[in-house]
Amino acid sequence: MKEKELRRSLAVLPMGTVMKLTSLTARQIRYYEAQGLITPERSDGNRRLYSLNDVDRLLEIRDYLADGVNIAGIKAIYDQQNAATMAKQSAQQQPLTDEDVRRILQDEFIRQGGLGHPNSGIQRPF
DNA sequence: ATTCTTACA
DNA sequence: TGTAAGAA
């Protein structure tokens, strides 16, 4: 990857900074980590260190939550993205297959607000 | 002064 | 999710 991404991946931000950058409480930030939505690094005395990517992800999480997507839904979204990324690595240079197209379209639909609320369970628009 | 963990009259 | 308590 490019150095630009390496910089975004550098974990150097302490909790206090991330709190201000995301408008989230320490409680919430730690909870999302416990749910596996983010994986900050640790340093010196067991203090969490976040990268700019972590901050971006927290902002996304905050927005999804604001739109009524629950933790499970957000996890599903990231799982989808991981799967999509993995698929691309496997497909490396080959042209887009119809499978790729369908996956991309599904990711897009999910991004625009498809998953349900905590009580209604995961919605299935298909 | 900050952050961490754990727990809940 | 908030907040308190004790440690680091």
Side-chain angles (χ1 to χ4, degrees):
Chain A
M1 46 175 87
K2 303 175 292 297
E3 70 170 73
K4 187 174 184 180
E5 323 207 324
L6 285 175
R7 290 182 195 261
R8 295 185 68 65
S9 299
L10 278 187
V12 295
L13 285 23
M15 179 58 94
T17 301
V18 178
M19 287 175 68
K20 291 178 180 177
L21 259 30
T22 64
S23 300
L24 290 169
T25 64
R27 181 80 164 90
Q28 294 174 305
I29 296 172
R30 297 191 190 110
Y31 176 66
Y32 303 150
E33 175 185 349
Q35 299 311 299
L37 267 36
I38 51 175
T39 53
E41 289 174 22
R42 296 280 184 148
S43 109
D44 25 357
N46 195 40
R47 279 171 160 51
R48 271 168 261 252
L49 289 181
Y50 301 84
S51 69
L52 294 176
N53 282 324
D54 290 327
V55 173
D56 284 341
R57 169 160 288 196
L58 284 169
L59 290 172
E60 281 184 26
I61 293 172
R62 191 207 57 180
D63 292 341
Y64 280 133
L65 257 25
D67 285 330
V69 181
N70 59 198
I71 302 296
I74 297 175
K75 280 183 184 173
I77 292 172
Y78 290 145
D79 284 352
Q80 285 277 335
Q81 296 188 335
N82 282 352
T85 298
M86 292 294 272
K88 279 202 171 184
Q89 296 186 331
S90 300
Q92 285 194 328
Q93 275 212 319
Q94 276 105 53
L96 253 57
T97 69
D98 55 323
E99 234 274 57
D100 292 328
V101 178
R102 117 176 332 190
R103 191 192 64 257
I104 292 173
L105 289 177
Q106 176 157 314
D107 286 1
E108 193 46 49
F109 125 77
I110 290 178
R111 266 194 167 301
Q112 293 169 14
L115 296 174
H117 291 215
N119 44 48
S120 62
I122 296 183
Q123 301 301 303
R124 333 208 67 213
F126 284 9

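Chain letters run A, B, ... following the sequence lines, proteins first and then strands; every chain starts at 1.
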Considering only heavy atoms from C-beta outward, does the side chain of A/Ile29 approach that of A/Ile38 to under 4.5 Å? yes
Counterpart residues, side chain to side chain donor-acceptor pair (under 3.5 Å), relative to A/Thr22 (two or more places apart): none
Test salt bridge (charged side-chain N to carboxylate O under 4.0 Å, His left out) applied to A/Lys2 - qualifying residues, sequence neighbours left out: A/Glu5
First and last nucleotide of DNA chain C touching chain A, 5' to 3', heavy-atom cut-off 4.0 Å? C/dT1 to C/dA8
Positions of residues 14-31 of chain A (non-hydrogen atom under 4.0 Å from DNA chain C), listed by number: A/Thr25, A/Arg27, A/Gln28
Are A/Arg57 and A/Tyr32 in a cation-pi contact, defined as NZ or CZ under 6.0 Å from the six-membered ring centre and within 45° of the axis? no
Go through the side-chain N and O atoms of A/Asn82 and A/Thr85 and say whether any donor and acceptor fall under 3.5 Å apart. no
For A/Asn53, which residues count as a side chain to side chain donor-acceptor pair (under 3.5 Å) partner, sequence neighbours excluded? A/Arg8, A/Ser9
How about CZ on A/Arg102, more than 12 heavy atoms from neighbouring residues, nucleotides or ligands closer than 6.0 Å, or not? no
Is there side-chain contact between A/Pro14 and A/Arg47, with heavy atoms separated by less than 4.5 Å? no
In terms of hydrophobic clustering (I, L, V, M, F, W, Y; side-chain heavy atoms under 4.5 Å; direct or indirect links), are A/Leu58 and A/Leu49 co-clustered? no
Using the criterion of both pairing distances under 3.5 Å for Watson-Crick and G-U wobble pairs, give all stems of 3 or more consecutive pairs involving DNA chain C. B:2-8 with C:2-8
Any side-chain to backbone donor/acceptor pair from A/Asp100 onto A/Thr97? Under 3.5 Å, distance only. yes
